[in-house]
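To keep things clear, I will list the structure first and then write my remarks on it.
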There are 2 protein chains.
Amino acid sequence: MLSKEELPFCPVATTVDLIGNKWKLLIMRELLKGTKRFNELHKAIEGISQKVLTENLRKMEEDGIINRKAYAVVPPKVEYSLSELGDSLRPIINSMSDWGTAYIKENLI
Amino acid sequence: MLSKEELPFCPVATTVDLIGNKWKLLIMRELLKGTKRFNELHKAIEGISQKVLTENLRKMEEDGIINRKAYAVVPPKVEYSLSELGDSLRPIINSMSDWGTAYIKENLI
DNA sequence: CCGTATCCGAAAGGATACTG
DNA sequence: CAGTATCCTTTCGGATACGG
(Lines give C-alpha, C1' and ligand atoms only; values in the text may rest on other atoms or scores of the structure.)
Protein backbone atom coordinates (compact mmCIF):
# COMPACT_ATOMS: atom_id res chain seq x y z
CA MET A 1 0.00 0.00 0.00
CA LEU A 2 1.06 3.54 -0.69
CA SER A 3 0.32 6.51 1.44
CA LYS A 4 -0.43 9.83 -0.20
CA GLU A 5 2.83 11.20 1.13
CA GLU A 6 4.87 8.66 -0.77
CA LEU A 7 3.26 9.70 -4.01
CA PRO A 8 5.20 11.56 -6.62
CA PHE A 9 2.54 9.85 -8.75
CA CYS A 10 4.86 8.77 -11.47
CA PRO A 11 3.67 5.57 -13.11
CA VAL A 12 6.91 4.86 -14.94
CA ALA A 13 9.02 5.35 -11.82
CA THR A 14 6.71 3.04 -9.90
CA THR A 15 7.21 0.29 -12.44
CA VAL A 16 10.93 0.96 -12.62
CA ASP A 17 11.23 0.55 -8.87
CA LEU A 18 9.73 -2.93 -9.06
CA ILE A 19 11.38 -4.40 -12.15
CA GLY A 20 13.72 -1.76 -13.52
CA ASN A 21 16.92 -3.71 -13.38
CA LYS A 22 18.61 -6.23 -15.56
CA TRP A 23 18.31 -9.30 -13.37
CA LYS A 24 14.68 -8.90 -12.37
CA LEU A 25 13.70 -8.47 -15.99
CA LEU A 26 15.54 -11.63 -16.97
CA ILE A 27 13.98 -13.54 -14.08
CA MET A 28 10.58 -12.31 -15.22
CA ARG A 29 11.30 -13.52 -18.74
CA GLU A 30 11.96 -17.03 -17.45
CA LEU A 31 8.98 -17.18 -15.11
CA LEU A 32 6.63 -16.01 -17.85
CA LYS A 33 7.35 -19.36 -19.48
CA GLY A 34 6.03 -21.11 -16.39
CA THR A 35 7.00 -22.35 -12.94
CA LYS A 36 10.72 -22.95 -12.51
CA ARG A 37 12.96 -24.47 -9.90
CA PHE A 38 15.88 -22.53 -8.48
CA ASN A 39 18.46 -24.40 -10.49
CA GLU A 40 16.50 -24.01 -13.69
CA LEU A 41 16.54 -20.27 -13.25
CA HIS A 42 20.22 -20.33 -12.44
CA LYS A 43 21.06 -22.19 -15.63
CA ALA A 44 18.68 -20.21 -17.82
CA ILE A 45 19.95 -16.79 -16.80
CA GLU A 46 23.41 -16.49 -18.19
CA GLY A 47 25.96 -14.86 -15.93
CA ILE A 48 23.91 -14.58 -12.77
CA SER A 49 25.46 -15.85 -9.56
CA GLN A 50 23.62 -17.90 -6.97
CA LYS A 51 23.84 -15.04 -4.53
CA VAL A 52 22.42 -12.41 -6.83
CA LEU A 53 19.67 -14.73 -8.00
CA THR A 54 18.64 -15.42 -4.41
CA GLU A 55 18.68 -11.74 -3.50
CA ASN A 56 16.51 -10.73 -6.41
CA LEU A 57 14.05 -13.57 -5.86
CA ARG A 58 13.66 -12.47 -2.24
CA LYS A 59 12.95 -8.88 -3.22
CA MET A 60 10.47 -9.91 -5.87
CA GLU A 61 8.70 -12.19 -3.43
CA GLU A 62 8.57 -9.36 -0.92
CA ASP A 63 7.09 -7.07 -3.58
CA GLY A 64 4.42 -9.65 -4.32
CA ILE A 65 5.52 -10.28 -7.89
CA ILE A 66 6.44 -13.92 -7.48
CA ASN A 67 5.42 -16.91 -5.34
CA ARG A 68 7.86 -19.26 -3.67
CA LYS A 69 6.87 -22.81 -2.88
CA ALA A 70 9.24 -25.06 -0.94
CA TYR A 71 8.65 -28.80 -0.74
CA ALA A 72 9.73 -30.69 2.36
CA VAL A 73 11.71 -33.30 0.52
CA VAL A 74 15.30 -34.44 0.30
CA PRO A 75 16.98 -33.17 -1.75
CA PRO A 76 15.15 -29.86 -1.43
CA LYS A 77 12.82 -28.66 -4.13
CA VAL A 78 11.74 -25.06 -4.46
CA GLU A 79 9.51 -23.72 -7.17
CA TYR A 80 9.10 -20.14 -8.24
CA SER A 81 6.17 -18.79 -10.19
CA LEU A 82 4.61 -15.47 -11.03
CA SER A 83 1.88 -14.14 -8.80
CA GLU A 84 -1.17 -12.60 -10.38
CA LEU A 85 0.48 -9.21 -10.00
CA GLY A 86 3.65 -10.50 -11.61
CA ASP A 87 1.76 -12.00 -14.48
CA SER A 88 0.10 -8.65 -15.12
CA LEU A 89 3.56 -7.39 -16.09
CA ARG A 90 3.55 -9.76 -19.05
CA PRO A 91 2.74 -7.05 -21.64
CA ILE A 92 5.84 -5.12 -20.64
CA ILE A 93 8.21 -8.05 -21.00
CA ASN A 94 6.52 -9.03 -24.24
CA SER A 95 7.03 -5.52 -25.58
CA MET A 96 10.70 -5.77 -24.73
CA SER A 97 10.97 -9.15 -26.35
CA ASP A 98 9.25 -7.95 -29.51
CA TRP A 99 11.42 -4.89 -29.75
CA GLY A 100 14.59 -6.91 -29.16
CA THR A 101 13.62 -9.36 -31.86
CA ALA A 102 13.10 -6.59 -34.40
CA TYR A 103 16.34 -4.90 -33.36
CA ILE A 104 18.38 -8.05 -33.75
CA LYS A 105 16.86 -8.70 -37.15
CA GLU A 106 17.68 -5.16 -38.29
CA ASN A 107 21.24 -5.22 -37.08
CA LEU A 108 22.29 -8.73 -37.90
CA ILE A 109 25.06 -8.94 -40.45
CA MET B 1 25.81 -3.97 -35.81
CA LEU B 2 26.02 -7.39 -34.29
CA SER B 3 28.23 -10.19 -35.45
CA LYS B 4 26.96 -13.72 -35.28
CA GLU B 5 29.48 -14.47 -32.56
CA GLU B 6 27.97 -11.89 -30.22
CA LEU B 7 24.58 -13.50 -30.50
CA PRO B 8 23.07 -15.31 -27.61
CA PHE B 9 19.94 -14.29 -29.54
CA CYS B 10 17.95 -13.20 -26.56
CA PRO B 11 15.56 -10.40 -27.44
CA VAL B 12 14.79 -9.44 -23.87
CA ALA B 13 18.45 -9.29 -22.91
CA THR B 14 19.16 -7.14 -25.94
CA THR B 15 16.54 -4.63 -24.88
CA VAL B 16 17.68 -4.77 -21.28
CA ASP B 17 21.22 -3.93 -22.31
CA LEU B 18 20.04 -0.75 -24.02
CA ILE B 19 17.48 0.61 -21.58
CA GLY B 20 17.38 -1.79 -18.64
CA ASN B 21 18.24 0.63 -15.88
CA LYS B 22 16.37 3.17 -13.87
CA TRP B 23 17.89 6.36 -15.23
CA LYS B 24 17.70 5.50 -18.90
CA LEU B 25 14.07 4.57 -18.53
CA LEU B 26 13.29 7.86 -16.82
CA ILE B 27 15.20 9.79 -19.49
CA MET B 28 13.19 7.94 -22.12
CA ARG B 29 9.98 8.90 -20.38
CA GLU B 30 10.89 12.58 -20.60
CA LEU B 31 12.06 12.50 -24.19
CA LEU B 32 8.91 10.73 -25.33
CA LYS B 33 7.16 13.97 -24.46
CA GLY B 34 9.36 15.79 -26.94
CA THR B 35 12.71 17.51 -27.37
CA LYS B 36 14.25 18.71 -24.11
CA ARG B 37 17.20 20.78 -23.08
CA PHE B 38 19.77 19.47 -20.65
CA ASN B 39 18.47 21.53 -17.76
CA GLU B 40 14.89 20.53 -18.42
CA LEU B 41 15.85 16.89 -18.12
CA HIS B 42 17.83 17.60 -14.98
CA LYS B 43 14.85 19.25 -13.32
CA ALA B 44 12.31 16.73 -14.56
CA ILE B 45 14.15 13.65 -13.35
CA GLU B 46 14.04 13.77 -9.62
CA GLY B 47 17.21 12.77 -7.83
CA ILE B 48 19.55 12.47 -10.79
CA SER B 49 22.87 14.27 -10.59
CA GLN B 50 24.39 16.21 -13.43
CA LYS B 51 27.15 13.67 -13.76
CA VAL B 52 24.91 10.65 -13.99
CA LEU B 53 22.57 12.40 -16.40
CA THR B 54 25.48 13.27 -18.68
CA GLU B 55 26.88 9.75 -18.54
CA ASN B 56 23.60 8.14 -19.45
CA LEU B 57 22.90 10.62 -22.24
CA ARG B 58 26.30 9.84 -23.74
CA LYS B 59 25.67 6.09 -23.66
CA MET B 60 22.23 6.48 -25.18
CA GLU B 61 23.63 8.70 -27.92
CA GLU B 62 26.33 6.13 -28.58
CA ASP B 63 23.70 3.41 -28.82
CA GLY B 64 21.75 5.48 -31.33
CA ILE B 65 18.68 5.91 -29.15
CA ILE B 66 18.86 9.67 -28.84
CA ASN B 67 20.10 12.66 -30.83
CA ARG B 68 22.11 15.50 -29.40
CA LYS B 69 22.03 18.92 -31.01
CA ALA B 70 24.29 21.66 -29.70
CA TYR B 71 23.76 25.27 -30.75
CA ALA B 72 26.76 27.56 -31.05
CA VAL B 73 25.33 30.26 -28.83
CA VAL B 74 26.19 31.89 -25.55
CA PRO B 75 25.02 30.70 -23.13
CA PRO B 76 25.14 27.21 -24.61
CA LYS B 77 22.01 25.44 -25.68
CA VAL B 78 21.81 21.71 -26.16
CA GLU B 79 18.74 19.80 -27.15
CA TYR B 80 18.12 16.11 -26.77
CA SER B 81 15.53 14.15 -28.68
CA LEU B 82 14.71 10.57 -29.47
CA SER B 83 16.09 9.09 -32.64
CA GLU B 84 13.86 6.95 -34.79
CA LEU B 85 15.23 3.91 -33.01
CA GLY B 86 14.57 5.49 -29.64
CA ASP B 87 11.05 6.40 -30.58
CA SER B 88 10.41 2.78 -31.54
CA LEU B 89 10.81 1.97 -27.84
CA ARG B 90 7.69 4.00 -27.11
CA PRO B 91 5.40 0.97 -26.69
CA ILE B 92 7.63 -0.37 -23.93
CA ILE B 93 7.63 2.83 -21.91
CA ASN B 94 3.91 3.21 -22.48
CA SER B 95 3.33 -0.31 -21.17
CA MET B 96 5.31 0.56 -18.07
CA SER B 97 3.38 3.76 -17.60
CA ASP B 98 0.03 2.00 -18.02
CA TRP B 99 0.98 -0.73 -15.59
CA GLY B 100 2.25 1.78 -13.04
CA THR B 101 -0.93 3.78 -13.28
CA ALA B 102 -3.07 0.73 -12.62
CA TYR B 103 -0.81 -0.36 -9.78
CA ILE B 104 -0.98 3.01 -8.06
CA LYS B 105 -4.75 3.08 -8.41
CA GLU B 106 -5.03 -0.39 -6.86
CA ASN B 107 -2.75 0.34 -3.96
CA LEU B 108 -3.69 3.87 -3.11
CA ILE B 109 -5.19 4.29 0.32
C1' DC C 1 24.10 26.85 -19.68
C1' DC C 2 26.26 22.67 -20.24
C1' DG C 3 29.18 20.37 -19.23
C1' DT C 4 34.22 17.81 -17.41
C1' DA C 5 37.43 16.25 -13.61
C1' DT C 6 38.27 14.42 -9.32
C1' DC C 7 37.46 12.26 -5.11
C1' DC C 8 34.97 9.40 -2.20
C1' DG C 9 31.41 6.48 -0.05
C1' DA C 10 27.70 3.17 -1.03
C1' DA C 11 25.95 -0.51 -3.37
C1' DA C 12 26.08 -4.27 -6.67
C1' DG C 13 27.96 -8.26 -7.83
C1' DG C 14 31.62 -12.24 -8.23
C1' DA C 15 34.23 -16.19 -5.88
C1' DT C 16 34.53 -19.44 -2.63
C1' DA C 17 33.40 -22.28 1.20
C1' DC C 18 30.04 -24.35 3.87
C1' DT C 19 25.14 -26.42 5.43
C1' DG C 20 20.36 -28.62 6.10
C1' DC D 1 19.19 -28.99 -4.30
C1' DA D 2 18.84 -24.68 -2.52
C1' DG D 3 20.50 -21.98 -0.23
C1' DT D 4 23.75 -18.82 3.63
C1' DA D 5 28.08 -16.55 4.99
C1' DT D 6 32.12 -14.19 4.04
C1' DC D 7 35.31 -11.63 1.57
C1' DC D 8 36.64 -8.95 -2.02
C1' DT D 9 36.44 -6.21 -6.42
C1' DT D 10 33.93 -3.38 -9.45
C1' DT D 11 30.59 -0.22 -10.57
C1' DC D 12 27.33 3.39 -9.43
C1' DG D 13 26.40 7.59 -7.95
C1' DG D 14 26.75 11.94 -4.90
C1' DA D 15 29.54 16.25 -3.88
C1' DT D 16 32.43 19.65 -5.20
C1' DA D 17 35.28 22.48 -8.03
C1' DC D 18 36.27 24.24 -12.31
C1' DG D 19 35.97 25.52 -17.63
C1' DG D 20 34.23 26.90 -22.53
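By convention in this document, chain letters (A, B, ...) are assigned in the order of the sequence lines, proteins followed by strands, and residues within each chain are numbered from 1.
Going from atom CZ of A:Arg37 over to atom P of D:dC1 covers 7 Å, rounded to whole Å. Taking atom NZ of residue A:Lys22 and atom C1' of nucleotide C:dG14, one finds them 12 Å apart after rounding to whole Å. Distance A:Ile45 CD1 to C:dG14 P: 12 Å, rounded to the nearest Å. If you measure from atom NZ of B:Lys51 to atom P of C:dC1, you get 22 Å, rounded to the nearest angstrom. The distance from atom CD1 of A:Ile48 to atom C1' of C:dG13 is 10 Å, rounded to the nearest whole Å. In this structure, CG of A:Leu53 is placed 17 Å from P of D:dA5, rounded to the nearest angstrom. Atom-to-atom, NZ of B:Lys36 to P of C:dC1 comes out at 16 Å; the value is rounded to the nearest Å. In this structure, A:Lys59 places its NZ atom 11 Å from P of C:dA11, rounding to the nearest Å.
For the pair A:Glu79 and A:Lys36, the minimum side-chain heavy-atom distance is 4.5 Å or more. In this structure, the side chains of A:Asn21 and A:Asn56 come closer than 4.5 Å at one or more pairs of heavy atoms. A:Arg37 is not listed as a side-chain neighbour of A:Val78, based on a closest heavy-atom distance of 4.5 Å or more. For the pair B:Arg29 and B:Met96, the minimum side-chain heavy-atom distance is 4.5 Å or more.
Using a 4.0 Å heavy-atom cutoff across all strands shown, A:Glu55 reaches no nucleic acid atom at all.
Partner of A:Leu53 under the side chain to side chain contact (heavy atoms under 4.5 Å, CB included) criterion, chosen from A:Tyr80, A:Phe38, A:Trp23: A:Phe38.
Nearer the 5' end of DNA chain C, as judged by each residue's closest nucleotide, is the contact made by A:Val52, out of A:Val52 and A:Pro76.
Among the nucleotides C:dA17, C:dG3, C:dG20, the one closest to any side-chain atom of A:Gln50 is C:dA17. Side chain of A:Val78, nearest nucleotide from D:dG14, D:dA2, C:dG3: D:dA2. Considering only side-chain atoms of B:Ser49, the nucleotide from D:dG14, C:dT4, D:dT4 that sits closest is D:dG14. Checking C:dG14, C:dT4, D:dA2 against every side-chain atom of B:Thr54, the shortest atom distance belongs to C:dT4. Distances were taken from every side-chain heavy atom of A:Asn39 (C-beta onward) to each of D:dA2, C:dG3, D:dT4; the shortest belongs to D:dA2.
Annotation: salt bridge (Lys or Arg N to Asp or Glu O under 4.0 Å) contacts of A:Asp87 (sequence neighbours excluded): A:Arg90.
Comment: B:Glu30 engages B:Lys33 in a salt bridge, judged by a side-chain N to carboxylate O separation of less than 4.0 angstrom.
Contact between the side-chain N/O atoms of B:Trp23 and the OP1/OP2 oxygens of D:dG13 is found at a separation under 4.0 Å. For A:Tyr80 and D:dC1, the shortest distance from a side-chain N or O to OP1 or OP2 is not below 4.0 Å.
Atom CG of A:Leu57 is separated from atom CD1 of A:Ile65 by 11.0 Å, given to the nearest 0.5 angstrom. Rounded to the nearest 0.5 angstrom, A:Leu18 CG and A:Ile92 CD1 are separated by 9.5 Å.
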Item to check | Bracket string, DNA chain C, 5' to 3' - pairs by Watson-Crick or G-U geometry under 3.5 Å, | interstrand | outcome: |.||||||||||||||||||
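Remark: B:Arg68, B:Pro75 in residues 64-75 of chain B come within less than 4.0 Å of DNA chain C through at least one heavy atom.
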